[in-house]
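Written below as structure tokens is the structure these notes are about.
Every number for a ligand or one of its atoms is a count from 1 in the order of the listing.
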Amino acid sequence: MKITSVETRPLAGQKPGTSGLRKKVPQFQAPHYLENFIQSIFNALPDKTGASLVLGGDGRYFNREAIAIVVAMAAANGFARVIVGQGGILSTPAASHLIRQRKTLGGIILSASHNPGGPQGDFGVKFNAGNGGPAPESLTDAIHAETLRISQYKIADLGTLDIDHIGITQFDGFTLEVTDSVEAYQALMETLFDMAAIRALFASGFRMRFDALSAVTGPYALRIFEGLLGAAPGTVVNGVPLPDFGGHHPDPNPVNCRDLYELAMSEAAPDLCAASDGDGDRNLIIGRGLFVTPSDSLAVLAANAHLAPAYRAGLAGIARSMPTSAAADRVAQKRGLALYETPTGWKFFGNLLDAGKVTICGEESAGTGSNHVREKDGLWAVLLWLNILAVRRESVKSIVGAHWREFGRNYYARHDYEEVDSAAADRLMLGLRERLGALKGYRHGALVVSSADDFAYHDPVDGSSSAHQGVRIMFEGGARVVYRLSGTGTAGATLRVYLEHYEAGPAGLDADNHAALAPLVAAAQAIADITRLTGRAAPSVIT
Ligand code: VG1
Ligand code: CO
């Protein structure tokens, strides 16, 4: 095996964000850019000699080229084995499972998740640690430090690699293992859910549409829903991963999944409409005539998880990201469970899951998952919904309605202002942070601010702290607005404004979500002076 050391120098902007390093494809294709970042990951891992690594991606443009480079660099850096998904395909949760099952040092996931793909789209690299979860901040900080002092990288000449056939290729002191992308993940799902009950549900005429958005979940959904569970052929649409996702924006929300949403609201609606994102870790759930907000979905899943075999004994606790609505808190409270509030991003759930403090976690951005892996898991969430529906034999709408009657309703929306000028976005956040103390008592219409802070998290397991995780404005009566800047965008800044308003009584059952939030939207605009500071009269996306 011929190994070359290539001279390089630090390149700008290699700081991992909420979920790894995300940049435009041409940036990743620039000389040494990908190689520098991969070498920096390896430099931050002291135990790599003789270790194994899982490797796969969501199939987006540049996936195959990047796979070849990472394999050759892993071989040159002393790894003994790389386990790669067939064709370079692994969903994020499937990669997390493989890392855990095969007890590897970690894994590299090539994805920009919900960001669009294609030659001018986005690409991304994420390192997951040996527990299967996204690298904690201490490790991403170490990787970033390596990118600032890198002077060379190592790469082996392995010739042309075959990643399309399952099997093993031996090199001098290095093994490349190509594994089925779906098999191990599907086997894990079969240990969690009552597949016979779900099969009986489909056999009884239950209809579903799952939109894979031409991203990574296609092969998984086809084999599990149509193959294993007997869902009708055609249940899975856009089931072949394409390098540009067929032009889809693989962020599963009612705006990007307009067709699916309209189908769910129509006369012809199937019982369940669902979708996932680019790398398969998110889920969109729409019942006939009802979009289930991800925050509500987390609460409903937590309240009903015991209906699935894996969670029969109950939950250890629930965790949600700070901007996620408090719907899950009400379930935790009523069931006597611990509830943890973490910063945005799945990496903060890892310690809680590893320590056995929580069983189910979720984020308002359509991510839900459990202790079966250390990532959010889109198909897992759909399967848990199916398992619950198979046992309760009620519609999604009736299950959510009953949930609101029991726990009250958290009206919820997220307003995104995308590609805002970065300096303007920073000024807006700074302005809020400087006025936190002065906001108490601020009145807008009937809304009065009761407190305001900048969320800081203290990890109860390892004692680490993460400050400046988002500005929270609380109002008398329990409404809340949160402001934070996205850490996954690749152009300008994205301001996210999260709005929440709670009603305990049954009065809200038929109320319109967005109408209920209108006064809060106006207050949020005024408090942060969004229009004047960003030049935007309205958000670019409302979900
Ligand atoms: C967004 C979401 C966050 C999620 C992250 C990664 O981050 O808000 O909840 O964990 O994406 O999801 P941000 O910093 O842009 O708000 V994925 O599916 O893109 O890996
Ligand atoms: Co994702």
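The distance from ligand 1 to the heavy atoms of Thr344 drops below 4.0 Å at these ligand atoms: 3 (C), 8 (O), 9 (O). When each atom of ligand 1 is checked for a heavy atom of Arg414 under 4.0 Å away, the hits are 8 (O). With ligand atoms numbered from 1 in the order given, ligand 1 contributes 10 (O) to contacts under 4.0 Å with heavy atoms of Gly345. Heavy-atom proximity to Arg496, at under 4.0 Å, picks out these atoms of ligand 1: 8 (O), 13 (P), 15 (O), 16 (O). The contact set between ligand 1 and Asp277, taken as ligand atoms under 4.0 Å from a residue heavy atom, comprises 18 (O). Short contacts between ligand 1 and Arg484, defined as distances under 4.0 Å to a heavy atom of the residue, involve ligand atoms 13 (P), 14 (O), 16 (O). Set against the non-hydrogen atoms of Gly487, the atoms of ligand 1 under 4.0 Å away are 13 (P), 14 (O), 15 (O). Taking a cut-off of under 4.0 Å to the non-hydrogen atoms of Ser113, the atoms of ligand 1 that pass are 17 (V), 18 (O), 19 (O), 20 (O).
The protein atom (non-hydrogen) at minimum distance from atom 9 (O) of ligand 1 is Ser365 OG, 2.6 Å. Closest to atom 7 (O) of ligand 1 among all protein heavy atoms lies Thr488 CG2, 3.5 Å. Scanning the protein for heavy atoms near atom 4 (C) of ligand 1, the closest one is Glu363 OE1, 3.6 Å. Of all protein heavy atoms, the one lying nearest to atom 6 (C) of ligand 1 is Lys376 NZ, 3.6 Å.
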*From CA spacing to verdict: salt bridge (Lys or Arg N to Asp or Glu O under 4.0 Å), Arg414, Asp416*: CA-CA 6 Å; Arg414 187 176 93 186; Asp416 292 332; 2.9 Å; yes
*Check the pair Asp180, Arg223 against salt bridge (Lys or Arg N to Asp or Glu O under 4.0 Å), reporting the backbone distance first and the verdict last.*
CA-CA 12 Å; Asp180 186 286; Arg223 267 160 73 175; 3.1 Å; yes
*After noting the C-alpha distance and the side-chain angles of Asp251 and Arg282, does the key distance pass the salt bridge (Lys or Arg N to Asp or Glu O under 4.0 Å) rule?*
CA-CA 8 Å; Asp251 185 349; Arg282 297 191 185 194; 3.3 Å; yes
*Give the intermediate values and the outcome of side-chain hydrogen bond (donor to acceptor under 3.5 Å, both in side chains) for residues Glu137 and Ser466.*
CA-CA 9 Å; Glu137 277 194 335; Ser466 306; 3.1 Å; yes
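The closest side-chain heavy-atom distance from Val25 to Asp122 is not below 4.5 Å. Side chains of Phe62 and Leu110 form no contact here, defined as non-hydrogen atoms less than 4.5 Å apart. Contact of the Tyr185 side chain with the Leu379 side chain is registered, since non-hydrogen atoms from C-beta on lie closer than 4.5 Å. Looking at Val481 and Ile527, their side chains never come closer than 4.5 Å, going by heavy atoms from C-beta outward.
Residue Asp281 has at least one nitrogen or oxygen atom sitting less than 3.5 Å from a nitrogen or oxygen atom of ligand 1, judged on distance alone. Geometrically, ligand 1 and Arg282 share a nitrogen or oxygen pair separated by less than 3.5 Å. The N/O atoms of Ala112, backbone and side chain alike, include none that comes under 3.5 Å of an N/O atom in ligand 1.
Each of Phe475, Tyr411, Tyr412 was checked for a ring-ring contact (aromatic ring centres under 6.0 Å, His included) with His501, and the lone residue meeting it is Tyr411.
No more than 12 heavy atoms of other residues, nucleotides or ligands shown are found within 6.0 angstrom of NE2 on His468.
Here Thr494 has no heavy atoms under 4.0 Å from ligand 1, in either its backbone or its side chain. Heavy atoms of His114 found under 4.0 angstrom from ligand 1 belong to the backbone as well as the side chain. Residue contacts with ligand 1, taken as heavy atom pairs separated by less than 4.0 Å, involve Ser486 via backbone and side-chain atoms alike. Neither the backbone nor the side chain of Lys126 comes within 4.0 Å of ligand 1, counting heavy atoms alone. Residue contacts with ligand 1, taken as heavy atom pairs separated by less than 4.0 Å, involve Arg22 solely via side-chain atoms from C-beta onward.
The salt bridge (Lys or Arg N to Asp or Glu O under 4.0 Å) test applied to Arg22 returns no partner, not counting sequence neighbours.
For the 3.5 Å distance criterion, the side chains of Asp277 and Ser113 qualify, holding a donor opposite an acceptor.
Put simply, the side chain of Ser295 never gets that close to the backbone of Thr324: no donor and acceptor are under 3.5 Å apart. Between the side chain of Asn115 and the backbone N or O of Thr488 there is at least one donor-acceptor pair closer than 3.5 Å.
Under 4.0 Å is where a charged nitrogen must lie from a carboxylate oxygen, and between Glu341 and Arg320 at least one such pair does.
Within the cation-pi definition used here (under 6.0 Å to the ring centroid, within 45° of the axis), Arg330 qualifies as a partner of Tyr502.
The distance cut-off of 2.8 Å around the Co ion (ligand 2) captures these protein N, O or S atoms, sorted by chain and number: Ser113 OG, Asp277 OD2, Asp279 OD1, Asp281 OD1.
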